[in-house]
Amino acid sequence: MNTPFPPILYSRHAIKTGLACALAYGVSSLLGSSYPVWAVISFIVAMQNPSVAESLQASVQRFTGMALGAIVGIALSLVFTHPENILWIACIIFVVNGAGSYFFRYGARYMLASIAATIVLLVGHIQAHSTVEAATRFGLTLIWEIALGVGLAAAVSMLLWPVRLGDTLKDDLRTQYAMVVDHLNAIARAYAANQTLSPKILVGLIQKLLRNRDRLTAASRHEAFLYNEDVSVLDNRIVTLNRSVTILRILLDALDDGEEDERRPVMPEKVEAVVAQVNAAITRYGVTGSPADPAVRDGMAAAIATCRAAMEQLYHEDSRDIPTRSLVRAVSFFRLLNQLAVMYQPQTLLHETGGAKG
């Protein structure tokens, strides 16, 4: 996962990575390690991303994969003793790395395991053509060095300028809800001007949505035990955002319903009024994530009342003088906006998540 962060966070991350790499080398050397380079490399790999969650995730993946590979390398050295034939060594490496590549689909740790097993085998073979003692010694040292490196990485990530993935996800969700508001405004203006909009305007927002779920999963797995984070609130905000974008896509289709000469805007001022009410509530929800917030609850309730009054008027008063295509388009708009507003009502969100999310 590659999560974008503000430049200032990358600057801090660069400083603490450089300092901690020196620390990893110093600690490993003071402990008398023969291969301090592996502690430093493991640290760098685990610290590729500034966030605590992704750093811990990389640390666990790095350690489990490399430790598994070292154990496999030692085991192979015990089974295939004295393989002085280079071709024989090459065949073993072929099988090990082929298996790692095959199981890579289940996780990157299996590729790391094949790499570690290969290193253990080769070091044992190069240092002495009796692989058992050399490979075992190096394999155990490798496990220790990797444990040291990833342990230091986890400690530095949590203690020095920690970057919580949950916090950055909240900031990005706020931005994405603001994008929903902008798109709704654009749709309302296009409706009033009897224009259409390309569905491609949602591409940027949809691309952002695709990363939200993975980031929430990483935060819940690797940060929930460190910080007091209500993951269910974030989950509800992601679900609501996804459904809001679905409504936007349908609104764009309704906007393009029929040829230009077959339609005309009906009650554009009412549409703009509803959109203004909805947008104010969505903006607030993007900040607080609480459907019980009075600004969210009352704003959406007002939007629902406006939508229903407009539809009632269309059904009984104005429909006789409105062309069928224009009437269908107007009713579709008010129904969709009503559905969007209902989606943010506390009782709807509570029903979806099974509990209070305020």
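Note: hydrogens, waters and symmetry copies are ignored here, and every other heavy atom, side chains too, is used. Here the structure is a predicted model, which means the values were calculated and not measured.
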Practice prompt. Let me see the working for Q176 and N212 under side-chain contact (heavy atoms from CB on, under 4.5 Å), right down to the final yes or no.
Written response: CA-CA 10 Å; Q176 291 166 31; N212 290 339; 2.7 Å; yes
Discussion item. Show, in sequence, the C-alpha distance, side-chain angles and deciding distance for Q345 and I304, and conclude whether the side-chain contact (heavy atoms from CB on, under 4.5 Å) test is met.
Written reply: CA-CA 10 Å; Q345 287 292 283; I304 292 170; 3.8 Å; yes
Item to complete: Go through the steps to decide whether S114 and F104 satisfy the test side-chain contact (heavy atoms from CB on, under 4.5 Å), and finish with yes or no.
Response: CA-CA 10 Å; S114 66; F104 177 73; over 6 Å; no
Practice prompt. I would like to know whether R329 and L255 meet side-chain contact (heavy atoms from CB on, under 4.5 Å); could you show each step before the answer?
Written response: CA-CA 7 Å; R329 188 164 172 259; L255 196 64; 3.6 Å; yes
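At a threshold of 4.5 Å between non-hydrogen side-chain atoms, the residues P199 and R249 do not count as touching. Under the 4.5 Å side-chain criterion, counting only non-hydrogen atoms from C-beta, L327 is not in contact with V266. Contact of the F333 side chain with the V274 side chain is not registered, since no non-hydrogen atoms from C-beta on lie closer than 4.5 Å. At a threshold of 4.5 Å between non-hydrogen side-chain atoms, the residues L337 and T306 do not count as touching. Proximity of M300 to I282: side-chain heavy atoms (C-beta onward) are separated by under 4.5 Å at one or more points. Contact annotation: the side chain of T246 never approaches that of N242 to less than 4.5 Å [non-hydrogen atoms, C-beta and beyond]. The closest side-chain heavy-atom distance from R109 to M66 is not below 4.5 Å. Between L340 and L184 the shortest side-chain heavy-atom distance falls below 4.5 Å.
Within the 3.5 Å criterion, the main-chain N or O of A292 finds a donor-acceptor partner in the side chain of R297. At distances below 3.5 Å, at least one donor-acceptor pair connects side-chain atoms of T64 with backbone N or O atoms of Q61. Remark: side-chain polar atoms of S42 are not paired, donor with acceptor, to backbone N or O of A39 under 3.5 angstrom. A donor-acceptor pair is defined here as one N or O able to donate and one able to accept, closer than 3.5 Å; no such pair exists between the side chain of Y191 and the backbone of T196. In this structure, R237 contributes its side chain and G286 its backbone to a donor-acceptor pair below 3.5 Å.
For the atom pair CG of L216 and CD1 of I238, the computed distance is 4.5 Å after rounding to the nearest 0.5 Å. Between atom CG of residue L252 and atom CD1 of residue I187 there is a gap of 4.0 Å, rounded to the nearest 0.5 Å. Atom CD1 of I247 is separated from atom CG of N338 by 10.0 Å, given to the nearest 0.5 angstrom. Here the straight-line distance linking atom CG of D171 with atom OG1 of T175 works out to 7.0 Å at 0.5 Å rounding. L241 contributes atom CG, which lies 6.5 Å from atom CG of L173 (distance to the nearest 0.5 angstrom). To the nearest 0.5 Å, atom CG of residue D172 and atom CG of residue L209 are 11.0 Å apart.
Clustering ILVMFWY residues whenever any of their side-chain heavy atoms sit less than 4.5 angstrom apart, transitively, puts M267 in a cluster other than the one holding V328. Residues I74 and V95 do not share a hydrophobic cluster, clusters being chains of Ile/Leu/Val/Met/Phe/Trp/Tyr side chains in contact below 4.5 Å. Linking ILVMFWY side-chain heavy atoms closer than 4.5 Å, directly or via other members, places V287 and V181 in two distinct hydrophobic clusters.
Comment: R211 does not engage D214 in a salt bridge, judged by the lack of any side-chain N to carboxylate O separation of less than 4.0 angstrom. Under the 4.0 Å criterion applied to side-chain N and carboxylate O atoms, R213 and D235 are assigned as salt-bridge partners.
Shown here for R284 and D293, the closest heavy-atom pair between the two residues is NE-OD2, 2.9 Å. Residue N236 comes nearest to T240 through the heavy atom pair O-OG1, 2.8 Å, listed as atom of the first residue, atom of the second, then distance. A281 approaches V296 most closely through the heavy-atom pair O-CG2, 3.7 Å. Nearest heavy atom pair, residue M111 against residue S101, reads CE-OG, 3.4 Å. Taking each heavy atom of P36 and S28 in turn, the nearest pair found is CA-OG, 3.2 Å. Taking all atoms of both residues into account, the shortest heavy-atom contact from A116 to A70 is CB-N, 3.8 Å.
Annotation: cation-pi geometry satisfied between R105 and Y102 (NZ/CZ under 6.0 angstrom from ring centroid, within 45° of ring axis).
Each of V120, V96, I93 was scored for a side chain to side chain contact (heavy atoms under 4.5 Å, CB included) with L76, with one residue passing: V96.
The 12-atom threshold is not exceeded at CZ of R335, counting heavy atoms of other residues, nucleotides or ligands nearer than 6.0 Å.
Between Y106 and Y110, the angle of the ring planes goes over 60°, which puts this pair in the perpendicular group of the 30/60° scheme. Under the 30°/60° scheme for interplanar angles, the aromatic rings of Y177 and Y285 are found to stand perpendicular.
Side-chain polar atoms of N185 and E272 form no donor-acceptor pair below 3.5 angstrom.
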